[in-house]
> 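My questions all concern the structure below.
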Amino acid sequence: RVYLMGHSMGGIGTWKLAPKYPDIWAAIAPFSGSGAPATLERIKHVPEFVVHGDNDPTVNVQGSRTMVAKMKELGIEVKYVEVPGGNHGSVVAPNFAGMFDFFDAHKKTATSTAQQQ
């Protein structure tokens with residue numbers, strides 16, 4: 001059970017680190033971040049919990065929307081929480097419980113690791 005989560009620059013870093021080390025993560029959770037859709041192919045087996053506010057003035061919500069659209073195209077398991085009126089910081093604490101529930105529901109087993117290779 002190794003999980004990766006980050007907010008803002010940490011959310012961007014989550015989408016940067018996960019594909020760099022794709023066999024480590026049981027699940028990841030970028031909050032208010034953005035990433036490179038081309039990297040998602042490397043983490044198709046990693047479930048994702050993505051959170052972003054639609055009124056984020058710091059990191060535009062389109063970054064998460066683009067990543068989520070690509071995830072759906074690739075068949076990646078994703079739970080996307082877009083918070084109406086949410087800004088850059090207001091979306092974090094209210095979504096921790098959902099993130100932990102998501103993490104609790106996803107563990108990496110020896111079987112799933114062997115299937116990924």
> With hydrophobic residues grouped by side-chain heavy-atom distances under 4.5 Å, do Leu74 and Ile28 end up in a single group?
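Per the 4.5 Å side-chain linkage, Leu74 and Ile28 are co-clustered.
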> Would you say His45's side chain and Pro22's backbone share a donor-acceptor pair under 3.5 angstrom?
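Looks like yes, one N/O pair under 3.5 Å.
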> For Gly6, is there any backbone N or O sitting under 3.5 Å from a side-chain donor or acceptor partner on Thr14?
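Side chain of Thr14 to backbone of Gly6: a pair is present.
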> Just to verify, what does Thr58 make a side-chain hydrogen bond (donor to acceptor under 3.5 Å, both in side chains) with, not counting sequence neighbours?
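Not a single residue meets the side-chain hydrogen bond (donor to acceptor under 3.5 Å, both in side chains) criterion with Thr58.
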> Step by step, would you call Val50 with Met71 a side-chain contact (heavy atoms from CB on, under 4.5 Å)?
CA-CA 11 Å; Val50 180; Met71 283 181 240; 3.9 Å; yes
> Please determine whether side-chain contact (heavy atoms from CB on, under 4.5 Å) holds for the pair Glu48 and Lys79, giving the CA-CA distance in whole Å, both sets of side-chain angles, and the decisive distance to 0.1 Å.
CA-CA 6 Å; Glu48 301 195 31; Lys79 177 171 175 87; over 6 Å; no
> Using every non-hydrogen atom in the two residues, find where Leu17 and Trp25 come nearest and quote the distance to one decimal.
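Looking at all heavy atoms of both residues, the shortest contact is O-NE1, 4.0 Å.
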> Are Met5 and Phe96 close enough, and set up right, to give a side-chain contact (heavy atoms from CB on, under 4.5 Å), and what steps lead you there?
CA-CA 10 Å; Met5 179 277 175; Phe96 271 161; 3.5 Å; yes
> Same cluster or not: are Tyr80 and Val83 linked, directly or through other Ile, Leu, Val, Met, Phe, Trp or Tyr residues, by side-chain heavy atoms under 4.5 angstrom apart?
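Per the 4.5 Å side-chain linkage, Tyr80 and Val83 are not co-clustered.
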> Under the 3.5 angstrom rule, does the side chain of Asp54 hit a backbone N or O of Gly85 as a donor-acceptor pair?
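Checked: pair present.
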> Which pair of non-hydrogen atoms, one from His88 and one from Ser8, has the smallest distance, and what is that distance?
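Result for this residue pair: NE2-OG, 2.7 Å.
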> Parallel under 30°, tilted from 30 to 60°, perpendicular over 60°: which one fits the rings of Phe103 and Tyr3?
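Plane angle under 30°, so parallel.
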> Where is the tightest heavy-atom contact between Ser34 and Gly63, given as atom of each residue plus distance?
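Smallest heavy-atom distance, with atoms named: CB-CA, 3.8 Å.
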> Just do the side-chain contact (heavy atoms from CB on, under 4.5 Å) check on Ile76 and Leu40 with the steps written out, would you?
CA-CA 9 Å; Ile76 296 172; Leu40 290 170; 4.1 Å; yes
> Starting from Val61, can I reach Val68 by hopping between I/L/V/M/F/W/Y residues whose side chains sit under 4.5 Å apart?
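Both belong to a single hydrophobic cluster.
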> With clusters defined by side-chain heavy atoms of hydrophobic residues (ILVMFWY) lying less than 4.5 Å apart, directly or transitively, does Val59 cluster with Met9?
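Different hydrophobic clusters.
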> Side-chain heavy atoms under 4.5 angstrom apart, residues restricted to Ile, Leu, Val, Met, Phe, Trp, Tyr: same cluster for Val91 and Val81?
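Linked within one cluster.
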> In Å and rounded to the nearest 0.5 Å, what is the CD to NE2 distance from Glu82 to His52?
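Separation between the atoms: 8.0 Å.
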> What is the minimum heavy-atom distance between Trp15 and Thr39, and which atoms define it?
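Distance-wise, the nearest heavy atoms are O-OG1, 4.1 Å.
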> Strictly distance-based, threshold 3.5 Å: is any side-chain N or O of Asn95 a donor or acceptor partner for the main-chain N or O of Gly98?
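The answer is no, because no donor-acceptor pair under 3.5 Å joins these two groups.
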> Looking only at non-hydrogen atoms, find the nearest pair between Phe31 and Val92 and report the distance.
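Closest pair (atom of Phe31, atom of Val92, distance): CE2-O, 3.7 Å.
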> If you measure from OG1 on Thr66 to NZ on Lys70, what distance do you get to the nearest 0.5 Å?
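The OG1 atom of Thr66 sits 11.5 Å away from the NZ atom of Lys70.
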> His106 and Glu77: side-chain donor and acceptor closer than 3.5 Å?
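Glu77 and His106 do have a side-chain donor-acceptor pair below 3.5 Å.
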> Please report the shortest heavy-atom distance between Ser90 and Asn87, naming the atom on each side.
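Smallest heavy-atom distance, with atoms named: N-OD1, 2.8 Å.
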